[in-house]
Every structure is written in structure tokens, then in C-alpha cells.
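Each remark here refers to the structure printed beneath this line.
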Amino acid sequence: ITPKIISGDGELDKGCHRGKTSLFDGLLYFCGFEKLFPRIKFFTQYHLLYKDLNTIHAVDAVSGSCFITKLKYFKNVGFFDERYFMYSEDMDLCMTYGEKGYKIIYNPTVEIIHYKYKSEMKNKKNRRKYLYNSFLIYYDKWYRDKFYYRILRPFIFIFLKTAGIF
């Protein structure tokens, strides 16, 4: 279960309300379609913005900044994957919860404030490197057997290398 997470600037931290984050949904999000079409389900699967953010309901993934679970479920599912340095480990754990048949619940009747970017490095280039590396770990783990991913994976790496991220 997760509460509604508000960032230090008073805005909703959308990371507390995510979908399964397929490669396609991630692409739509990072290309800005979610901002252009915030209420259309097709374009907002990454953060499930088509759902009512003021009601309790199931989501696919939540932010690790406030993820509440019983210890017995945590032990059954397993702990955080240590291959992640930072970023995406929460999405990965939520995918594992889903694979085991557990529901993840978003509860907006409880709110917390999360002051983001306080524990991470200040160097933006390193931050981007770790962010995109964690995405590669995540997508390699959950989508490597998908035909489209095996075709796209080399191009994703080339793009990141060309952008100076790796």
C-alpha cells in the first residue's frame, strides 16, 4: 500500500501511482505524450493518470519512498534487487509482487511529503547515468524475452551512448 505522495513543491509525485511501465509506455511518457494527453488512457499508462487520483484503487507500481507492506509478504516476494544502485528498484519489486499475485493499493486519503533528490548525487550527468542504467536493468529483467525488446535493445544502448550517458 502507498499513500498519496506530495513532493516538496506541493505537486503530486506521480511515482506513487504507476502502471507496469512497459517499454512502449515508458517511451510515450519520456516523449511527453502523457503531458499532451493527460486523461487519455492510451497515453497515460506509465502513471495511470486516467484513473481518479482521489480514490483508493489498485495500481501496478509505487514509489519506494513510502511502500508499506507486511514482513511476511516481503519475505515471500524477496527484497530489493541489489543490482540497482538507485532508481527502478521500486518498480522491479512491485512487478515481483504482481507476479506473485499480490495487489498494490494506492490510498490518497493518507498523504506524505517527499523531499526528492536529497539523498542522491548532485552531479546531473552521473544521476542520468544511474537512472538510465537502472532502466536498462529493469527492462532487461522483465522484457528481455519479448521479441520487440530484443530488436530495440541495441538501439536503446546506442542512443544512450551517443547522448553521452554511457
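Pairing each heavy atom of Tyr138 with each of Met95, the nearest pair is OH-CG, 3.3 Å. In plain terms, the two heavy atoms of Ile151 and Pro154 that are nearest each other are O-CD, 3.4 Å. Considering every non-hydrogen atom in both Tyr106 and Thr55, the closest pair reads CD2-O, 3.7 Å. The shortest non-hydrogen separation linking Ser134 to Ser88 is OG-OG, 3.1 Å.
Of the possible donor and acceptor atoms, one in the side chain of Arg39 sits under 3.5 Å from a partner among the backbone N and O of Leu49.
Between His17 and His57 the shortest side-chain heavy-atom distance falls below 4.5 Å. Counting heavy atoms from C-beta on, the side chains of Tyr143 and Leu23 never come closer than 4.5 Å. In this structure, Ile56 and Pro108 have side chains that are in contact, with non-hydrogen atoms separated by less than 4.5 Å. Side chains of Cys94 and Val62 form a contact here, defined as non-hydrogen atoms less than 4.5 Å apart. Residues Tyr139 and Thr21 form a side-chain contact, since some pair of their non-hydrogen atoms from C-beta on lies under 4.5 Å apart.
Judged as a salt bridge (Lys or Arg N to Asp or Glu O under 4.0 Å), the pairs with a partner in residues 16-29 (not counting sequence neighbours) are, in order, Arg18-Asp90.
Clustering ILVMFWY residues whenever any of their side-chain heavy atoms sit less than 4.5 angstrom apart, transitively, puts Met91 in a cluster other than the one holding Val59. Linking ILVMFWY side-chain heavy atoms closer than 4.5 Å, directly or via other members, places Leu48 and Leu28 in two distinct hydrophobic clusters. Both Tyr132 and Tyr46 are assigned to one and the same hydrophobic cluster, defined by single-linkage of ILVMFWY side chains at heavy-atom distances under 4.5 Å. Placement of Ile137 and Leu152 within a single hydrophobic cluster is found when ILVMFWY residues are connected by side-chain heavy-atom separations under 4.5 Å, directly or transitively. Transitive grouping of hydrophobic side chains (ILVMFWY, heavy atoms separated by less than 4.5 Å) keeps Leu136 and Phe80 in distinct clusters.
Atom CD1 of residue Ile113 and atom OG of residue Ser65 lie 12.0 Å apart, to the nearest 0.5 angstrom. The line from CG of Leu53 to SG of Cys16 is 8.0 Å long, rounded to the nearest 0.5 Å. Tyr84 contributes atom OH, which lies 10.5 Å from atom CZ of Phe135 (distance to the nearest 0.5 angstrom). For the atom pair CD of Glu34 and CD of Gln45, the computed distance is 10.0 Å after rounding to the nearest 0.5 Å. Considering CD1 of Ile6 and CD of Glu11, their distance stands at 8.0 Å, rounded to 0.5 Å.
The aromatic rings of Phe37 and Phe33 lie parallel to each other, their planes meeting at an angle below 30°, with 60° marking the opposite boundary. Classification of the Tyr29-His47 ring pair by plane angle, with boundaries at 30° and 60°, yields perpendicular.
With a 6.0 Å radius and a threshold of 12 heavy atoms from other residues, nucleotides or ligands, Phe79 has its CZ atom above the threshold.
Apart from Ile5 itself, the hydrophobic cluster it occupies contains Ile112, where clustering links Ile, Leu, Val, Met, Phe, Trp and Tyr at side-chain heavy-atom distances under 4.5 Å. Think of Leu27 as one node in a network of Ile, Leu, Val, Met, Phe, Trp and Tyr side chains linked at under 4.5 Å; it has no links at all. Clustering of Ile, Leu, Val, Met, Phe, Trp and Tyr side chains at separations under 4.5 Å leaves Val110 isolated, with no partner residue.
Under the side-chain contact (heavy atoms from CB on, under 4.5 Å) rule, Lys4 has a single partner from Asn54, Thr109, Asp13, which is Asn54.
By the side-chain hydrogen bond (donor to acceptor under 3.5 Å, both in side chains) test, Lys141 is found to be paired with Asp81, Asp92, residues two or more places apart in sequence or in another chain being considered.
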Report, one line per pair, each donor and acceptor closer than 3.5 Å where one atom sits in a side chain of residues 66-78; sequence neighbours left out.
residue: Thr69; atom: OG1; partner: Tyr97; partner atom: OH; Å: 2.9
residue: Asn76; atom: ND2; partner: Tyr102; partner atom: OH; Å: 2.6

